[in-house]
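One structure is given here, and the rest of the page talks about it.
Lettering of chains follows the sequences in order, A, B, ..., and the numbering in each one begins at 1.
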Amino acid sequence: MLSLITDLTFLFFVVVTLGGAVMAVGLKNIFHNALSLALTLFGTAGIFIFLRSEFVALIQILIYAGAISIAIIFAIMLSPSLSLKPSKRSVTKILISLSVSLLVFVALSYIFIHTPWVVLPEMVGDNSVKHIGEVIIQRYAFAFELISVVLLVSILGSLVIAQKDKKTTIQDSPND
Amino acid sequence: MINDITPYLILSAALFCIGLYGLLARRSLIGILIATELILNAANINFLTFSRFMDVDKAVGQIFTLFVIALAAAEVAVGLSIVLVVYRNFNTINVEKMDHLKG
Amino acid sequence: MSHLALLNISVFSNFVAFLLITFFLKKKEQRFLAAKVAITLSGLGALVSCVLLFQRFHLDIALTASVTWLKWNTGELLIGYYLDKVSLMMLTTVCVISFMVQMYSFWYMKDDAGIRRYYGTITFFSWAMIFFVVSIDLFGSYIFWELLGLASYLLIGFWHEKPEPRRAAIKAFIMTRFGDLGLLAAVILLLVKLKTVAIPVLITAAGTLLSPQEVFWIVVLLFLGVMGKSAQFPLHSWLPDAMEGPTPVSALIHSATMVAAGVYLLVRLFPLIAFSESAMTYILCIGALTSLIAAVMALTEKDMKRILAYSTVSQLGFMVMAIGAGAWQGGFFHLLTHAFFKSMLFLLAGYFIHMAHHSNDIFSMAKVSYGTKSKLMVALLWVGSLALCGLFPLSGFLSKETIFGSLMEGHHYGVYGVALLISFLTAYYTTRMAFIVSRNGEVVDAQENSLPLYMKISVSFLGLMTLIGFWIFLPALTEFFHLHSEWHAEQWVNFFITTIGVVLAIGVSYFYFGRKQATSEKGWVSFIPGLSGLIENKFFVDHFWKWVVDKGVYRFSRMSFWTDVHIINVIVDQVGLTAIRCGKKAAALQMGQVQQYIITAVVVSLFVVIYLIFGK
């Protein structure tokens with residue numbers, strides 16, 4: 001009974017994730033796309049819990065769903081011009097893209113199914129937040145510092161790029 | 001089902017391919033950005049899956065995922081500002097119109 | 001001072017003059033200063049070389065000084081000096097004659113605007129020649145050998161505004177270059193076989209390290225270079241044409257020194273050459289043929305310089321013949337004496353040409369009336385001519401007698417006969433020239449005022465060397481050249497035969513040209529059917545080379561041109577065009593659509609993945 005409920009919950013999250021993903025790329029309105037992305041991110045967070053990574057799931061909701069998707073939505077909403085012009089989609093392009101991604105999917109699934117995975121027994125290892133904190137501060141301290149620098153630089157960089165002062169604007173070259 | 005590795009991998013593959021489709025088919029720069037997020041999430045699911053099923057030290061995969069999330073935040077910040085600049089210069093965010101480097 | 005320092009001074013004095021003239025004395029008003037600098041420095045070199053001669057001649061050990069110039073795992077090239085008796089005598093001769101000619105040139109060239117260029121080139125030439133003489137390494141010799149060719153080219157074409165000197169310069173350069181290829185090949189062969197081309201090694205050990213077959217081919221190639229440089233048949237025809245250059249240049253380069261370089265090289269490497277019997281025979285034949293043909297060519301020539309040029313070719317052939325017969329001492333001795341009297345004859349030719357209002361024709365000179373001022377020059381002309389004939393007691397007699405003696409001793413009776421014939425012809429055409437030139441005509445000479453002293457000194461010194469110079473050195477030379485200090489019956493027979501031949505030739509010459517009422521131009525040559533035509537056509541040697549160039553070189557050039565245009569060009573064009581077409585095709589891939597790039601990337605990586613999974 002319990003396993004059925006967990007299975008159903010898992011399936012639910014899978015459906016939410018994939019359905020959100022399909023809507024995020026399939027819908028025509030860019031605003032709907034962004035909202036669907038948030039939905040997908042929530043679903044992924046659920047999957048993360050099934051993967052015994054509660055802390056990451058929490059961060060996913062906080063940062064991804066809470067900050068990144070909101071940033072995209074804000075960008076769309078604050079600059080209305082971006083949401084305009086839902087131009088017509090060309091059928092050939094869609095067909096090509098669809099077949100390529102389907103091919104990739106088939107290939108990946110084939111690999112995943114046919115690889116003899118060596119799975120560890122359950123409950124081996126420590127996945128507590130305390131352990132994560134220790135490892136991130138000790139073994140991955142340098143990468144951690146580096147990530148902070150990258151974040152700082154990206155924030156400054158995005159400010160510099162997006163500022164309205166036109167001194168460094170790239171001139172549109174004549175169309176050839 | 002939830003204690004088996006394959007469903008998670010198939011899920012991540014599906015998410016990746018949907019993201020790939022978006023990457024290939026969308027014309028709006030923001031749509032492409034969103035598709036990229038999907039691909040990153042597929043990668044995250046893979047990281048955590050292998051961490052759960054195949055790694056003794058469970059912290060490593062999670063830390064990788066955290067890094068990916070941080071980088072995704074940076075990427076979105078820069079990406080969105082680039083979208084704004086592109087719109088300002090080209091007056092469109094349709095990638096098919098951005099072919100000034102055509103040979 | 002050490003001998004090495006003295007040698008350095010005599011080698012580099014001319015080079016210093018060349019550098020000074022080239023880089024410092026550039027202005028037009030400095031041209032006489034440039035000439036004086038050149039004369040002073042080459043005089044210093046000549047003096048020092050004489051000192052060196054007197055200090056070193058009794059020593060049997062050669063002076064060597066060298067540095068390694070290039071070294072690789074199996075061999076090395078040296079640069080430096082090798083001064084034994086042979087090179088010492090040659091060094092002194094070259095230095096002294098160079099000095100005398102430069103001194104004379106100041107009179108001859110004083111009205112020429114290019115006097116600075118003249119002295120720059122001639123000092124450069126002297127330096128190259130001197131270094132060639134004392135070089136320790138055959139490769140170094142080869143380098144200076146080529147520099148000699150360059151200097152010769154520049155000086156033949158000295159009056160480059162006229163077409164004939166230009167053509168003569170190019171002809172001389174190309175013909176000698178053709179021979180030089182052979183020399184270079186010989187040097188390379190020696191380098192490959194022996195790992196070194198140091199002259200001391202070549203003349204002591206080379207023969208034992210090489211088989212006679214190898215020596216033969218090396219010598220044949222080497223001799224090709226000698227044929228070019230020393231104007232041996234069939235590469236001799238550049239030398240008469242080289243007379244287009246200034247007369248002092250002819251005196252220095254095209255009679256006394258540069259053309260002697262080939263003979264000198266043979267003397268230098270004689271121990272190596274002597275190892276191959278067949279190579280010696282080859283050299284002998286070429287020398288005899290050259291000598292004979294050139295002597296015949298000179299019989300009816302009217303241009304004084306060309307007569308002397310043919311006689312130079314003939315005498316060089318004579319030396320080569322002597323060396324080929326094994327009498328290298330005689331050949332070398334004749335080279336030295338010939339250098340003095342032939343350069344004097346050329347300098348005198350310059351004087352007589354000047355007197356005859358710049359005409360080279362001996363019959364124009366015959367029309368000139370020579371006053372008392374010219375007495376000395378006419379006398380010296382006779383001294384030089386009789387030395388060329390080989391008449392007792394002049395220097396030419398000594399060396400010629402040595403050659404005849406060696407030929408007789410070596411039982412080369414056939415060669416002896418040929419040499420006798422050559423000697424007869426030489427005496428005939430030389431005295432013909434002297435008789436005609438020294439005729440007293442009516443035309444007033446072109447001499448404006450008395451000749452400067454330095455010009456007289458330079459010519460007289462050479463005349464003195466011809467008259468008595470070699471007699472002074474005879475004791476030392478006798479020892480070195482293994483001459484007979486006491487004459488036996490054999491020598492007396494030899495002496496009488498040659499002298500009678502020469503006197504006979506002079507008599508014939510007098511009969512045709514010397515008498516008051518003589519009017520003949522060609523003498524007895526016109527009585528022999530066919531010979532006159534043969535001479536006029538220069539034995540068809542120039543025709544032969546023209547035929548070679550037309551049929552061989554030009555045809556090959558045209559073929560190459562056709563190949564170039566119709567095959568190589570097309571291929572090259574197509575390669576280029578293909579690249580351009582491919583580029584255009586490839587540029588189309590660069591369509592600016594990022595998403596299509598991604599599709600390509602994904603599909604390709606998909607194939608890679610499929611290959612990695614299923615390919616094995």
Side-chain angles (χ1 to χ4, degrees), chain A residues 6-7 10 14 17-18 21-22 24-25 30 33-34 37 44 47-48 50-53 56 59 63-64 67-68 71-72 75-76 81-82 87 93-94 97-98 100-101 104-105 108-109 112-113 117 119-120 124-127 131-132 135-136 140 147 150-151 154-155 157-158 161-162 170 172-173, chain B residues 1-2 5-6 8-11 13-22 24-28 30-31 33-35 37-38 41 44-45 48-49 52-54 56-60 62-63 65-67 69-74 76-78 80-85 87 89-90 92-94 100:
Chain A
T6 47
D7 278 4
F10 177 69
V14 168
T17 306
L18 291 184
V22 168
V25 297
I30 196 82
N33 291 146
L37 176 67
T44 319
I47 301 290
F48 285 176
F50 279 95
L51 288 168
R52 311 268 157 78
S53 313
V56 180
I59 297 297
I63 308 288
Y64 239 134
I68 295 176
I72 295 176
I76 294 166
S81 50
L82 291 184
S87 52
K93 193 173 176 184
I94 286 172
S97 311
L98 208 59
V100 167
S101 37
V104 173
F105 179 69
L108 285 178
S109 309
F112 288 151
I113 289 166
W117 300 108
V119 179
L120 289 176
V124 173
D126 181 6
N127 60 358
H131 180 58
I132 292 173
V135 173
I136 207 170
Y140 294 107
I147 288 287
V150 167
L151 277 172
S154 71
I155 289 163
S158 55
I161 292 172
I170 306 153
D172 200 358
S173 60
Chain B
M1 184 165 156
I2 57 162
I5 189 168
T6 321
Y8 294 100
L9 293 177
I10 300 286
L11 171 67
L15 199 56
F16 173 81
C17 291
I18 292 166
L20 184 64
Y21 167 78
L24 298 181
R26 297 301 299 261
R27 298 172 185 215
S28 153
I30 294 205
L33 216 55
I34 289 168
E37 298 305 319
L38 293 181
N41 267 285
N44 280 351
I45 292 174
L48 291 176
T49 308
R52 176 190 156 180
F53 289 103
M54 300 183 74
V56 181
D57 191 348
K58 304 293 184 201
V60 178
Q62 301 190 27
I63 288 167
T65 311
L66 291 175
F67 284 163
I69 290 171
L71 283 177
V76 164
V78 177
L80 280 174
S81 51
I82 288 175
V83 170
L84 280 174
V85 174
Y87 181 76
N89 281 299
F90 292 84
T92 176
I93 52 169
N94 186 345
H100 281 207

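- To the nearest 0.5 angstrom, B:Ile5 atom CD1 is 12.5 Å from A:Ile113 atom CD1.
- Counting all heavy atoms, side chain and backbone alike, A:Ala21 lies closest to B:Leu15 at CB-CD1, 3.5 Å.
- With a 4.5 Å cut-off on non-hydrogen atoms, B:Ile63 touches chain A through its side chain but not through its backbone.
- Interface remark: B:Thr49 contributes backbone and side-chain atoms alike to the contact with chain A (heavy atom separation under 4.5 Å).
- Shortest non-hydrogen contact noted between A:Val25 and B:Leu38 is CG1-CD1, 3.8 Å.
- With chain A as partner, the option from B:Ala35, B:Gly22, B:Ala74 having the largest number of non-hydrogen pairs under 4.5 angstrom is B:Ala74.
- Taking 4.5 Å as the limit, some side-chain heavy atom of B:Phe16 sits within range of a side-chain heavy atom of A:Val104.
- The ring pair (Phe, Tyr, Trp, His ring centres under 6.0 Å) search around A:Tyr64 returns none, not counting sequence neighbours.
- At a 4.5 Å heavy-atom cutoff, the contact between B:Ile69 and chain A is made by backbone and side-chain atoms alike.
- For the pair B:Leu9 and A:Leu108, the minimum side-chain heavy-atom distance is 4.5 Å or more.
- Looking at B:Tyr21 and A:Val100, their side chains never come closer than 4.5 Å, going by heavy atoms from C-beta outward.
- Counting heavy-atom pairs under 4.5 Å between each of A:Gly157, A:Ser154, A:Ser109, A:Ser97 and chain B puts A:Ser97 at the top.
- The CG atom of B:Leu20 sits 5.5 Å away from the OG atom of A:Ser101 when rounded to the nearest 0.5 Å.
- For B:Ala59 against A:His131, the heavy-atom pair with the smallest separation is CB-CD2, 3.5 Å.
- Side-chain atoms of B:Arg52 do not come within 3.5 Å of backbone N or O of A:Ser53 as any donor-acceptor pair.
- To the nearest 0.5 Å, atom CD1 of residue A:Ile68 and atom CG of residue B:Leu33 are 10.0 Å apart.
- Of the listed residues (A:Thr17, A:Thr6, A:Asp7, A:Ile63), the greatest number of heavy-atom pairs within a distance under 4.5 Å of chain B belongs to A:Asp7.
- Nearest heavy atoms, B:Leu11 versus A:Ile47: CD2-CD1, 3.6 Å.
- Two residues are said to be in side-chain contact when any heavy atoms from C-beta on lie closer than 4.5 Å; A:Thr44 and B:Asn44 fail this criterion.
- Side-chain contact check for B:Phe67 versus A:Ile136: some heavy-atom pair is nearer than 4.5 Å.
- Remark: aromatic rings of A:Phe112 and B:Tyr8 are distant, center separation not under 6.0 Å.
- At a threshold of 4.5 Å between non-hydrogen side-chain atoms, the residues B:Arg26 and A:Asn33 count as touching.
- The heavy-atom pair separating B:Ala77 from A:Ser158 by the smallest distance is O-CB, 3.5 Å.
- The most heavy-atom pairs under 4.5 Å with chain A, out of B:Asn41, B:Val78, B:Leu71, B:Thr6, come from B:Asn41.
- Interface residue A:Ile147: only side-chain heavy atoms are found under 4.5 Å from chain B.
- Heavy atoms only, all atoms of each residue included: B:Ala70 and A:Leu151 are closest at O-CD2, 3.6 Å.
- Shown here are the salt bridge (Lys or Arg N to Asp or Glu O under 4.0 Å) partners of B:Asp57, two or more places apart in sequence or in another chain: A:Arg139.
- Note that CG of A:Leu37 and CD of B:Glu37 are 6.0 Å apart. Values are rounded to the nearest 0.5 Å.
- Distance check, rounded to the nearest 0.5 Å: NZ of A:Lys93 to CG of B:Leu24 gives 8.5 Å.
- For the atom pair SG of B:Cys17 and CG of A:Leu18, the computed distance is 11.0 Å after rounding to the nearest 0.5 Å.
- Both the backbone and the side chain of B:Ile45 come within contact range of chain A, with heavy atoms under 4.5 Å apart.
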